[in-house]
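For ligands, and for the atoms within them, numbers begin at 1 and follow the listed sequence. Along the sequence shown, residues carry numbers from 1.
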Amino acid sequence: VSVGVESENAMKVLIFGGTMFLGRHLVEALLARGHEVTLFNRGRTRPELFTQLEQLRGERDGKLEALAQAVNAGRHWDAAIDCCGYVPRVVRQSAALLRDAVGRYLFVSSVSVYAEFSQPNTPEDAPLAVLSDLASEEVMRDYGALKAACEREVATVFADRSLVVRPGLIVGPWDPTGRFTYWVQRAAEGGEMLAPGDPHAPVQVIDARDLAAWIVAALEQNRGGVFNLAGPVGGCSFDDLLSACCVAAPAAAATTVTWVSAEFLAAHKVAPWSELPLWLPHDDGGRFTADIRRAIDTGLVTRPVAGTARDTLAWARANPNAVRSERHPPAGISREREAQLLAEWRMARAR
Ligand SMILES: NC(=O)c1ccc[n+]([C@@H]2O[C@H](COP(=O)([O-])OP(=O)(O)OC[C@H]3O[C@@H](n4cnc5c(N)ncnc54)[C@H](OP(=O)(O)O)[C@@H]3O)[C@@H](O)[C@H]2O)c1
């Protein structure tokens, strides 16, 4: 149970975003602690949320007038949280506008910023990806290098007043990608479930609510710096994750898990990550093993994956229309394709 701060310690926090997934949990965590929240977004994603809060409307790329007006009127926030920054040119606009209007600028980046993933336990000071085309704004193609460039924009303006958070895979209720949710729902459907590749492969996921709790505490403690925020290293294998999903499933589902080799799946043109989410057959061990000691030393607490799976299943059942987002390609394979692959896998093994 979160106990709120004394009202004289309540922070004023401005959030770019705040209505889809991580941002939504951040707003809820801030409000639960008694902080005052202002939202800046376009009013497209779930505008019915948080109507009790101050809402500044605008497109963060070039249409920051509502925010500029507030800044010119002398508004000041203890912190800004930038939850939807993907392009350095755009992040530069909000950072420059808020230079003297916020105490701290928190940029939500990603562990994808690192230049390479060949080694496990990537620390925060590992080399970062650089754009091969400095003018690129291709977020799908250059996501990690663009996030790294956004971090630099924030550092240029805010220096030690910046806080950069690099999450690993974020999971839990309201996840618009359907990736973790695929496994939770699949396990709950019961029967024989196809699992990809190596059961011992590391998987590092962080519940959006645990991430939000760390972020709020870090702001309360006025922390600066750069932090990886992900699940425990070595604490979760793919097998552990799927077992947690099965534990969260209704007992009647009686799901069994059949591991199918990466070679077989490649031969059958099953696409890693999208068709079988969280499966990274070409990973050398670095993508899901970010070093999180710095976050743990500053209070990160991660809940067991089974708890996240249980809550994600309950959310998915209560909000079927929210599970699939138009902005993300559908994650997972159909039951028909799964059954066919399993039948062929059995035949191949019998030969
Ligand atoms: N999912 C993962 O596994 C993962 C992993 C690592 C890092 N991350 C990072 O974590 C963050 C996740 O964000 P989220 O989507 O969950 O955040 P969110 O704050 O819950 O949702 C995105 C918000 O941004 C607003 N927005 C989008 N484009 C905008 C624009 N052009 N101008 C103004 N507002 C805009 C949306 O509202 P409107 O549509 O109404 O404008 C919405 O409120 C991202 O920065 C992502 O890179 C995610």
Check each atom of ligand 1 against the heavy atoms of [X] and keep those under 4.0 Å away; list them by number with element.
X    : result
R179 : 1 (N), 2 (C), 3 (O)
G58  : 32 (N), 33 (C)
G17  : 19 (O), 23 (C), 24 (O), 25 (C), 42 (C), 43 (O)

Say whether [X], considering both its backbone and side-chain N or O atoms, lies within less than 3.5 Å of an N or O atom on ligand 1.
X    : answer
T19  : yes
G18  : yes
F21  : yes
S110 : no
F16  : no

> Of the protein's non-hydrogen atoms, which lies at the shortest distance from atom 8 (N) of ligand 1, and what is that distance?
Replying inline: Y143 OH, 3.6 Å

> What protein heavy atom sits nearest atom 26 (N) of ligand 1, and how far away is it?
Replying inline: C84 SG, 3.8 Å

Please determine whether any non-hydrogen atom of [X] lies less than 4.0 Å from an atom of ligand 1.
X    : answer
P176 : no
P47  : no
D61  : no
S109 : yes
K147 : yes

> Which pairs, with at least one residue in residues 3-16 and sequence neighbours excluded, count as a salt bridge (charged side-chain N to carboxylate O under 4.0 Å, His left out)?
Replying inline: K12-E36

Ignoring hydrogens, just give me the one of [options] whose non-hydrogen atom is nearest [atom].
atom                    : options               : answer
atom 2 (C) of ligand 1  : L229, I170, V27, D175 : I170
atom 34 (N) of ligand 1 : N41, V108, L22, L169  : N41
atom 27 (C) of ligand 1 : R46, R42, E59         : R42

>> If the condition is side chain to side chain contact (heavy atoms under 4.5 Å, CB included), which residues does R317 pass it with, not counting sequence neighbours?
In response: A188, P250, L313

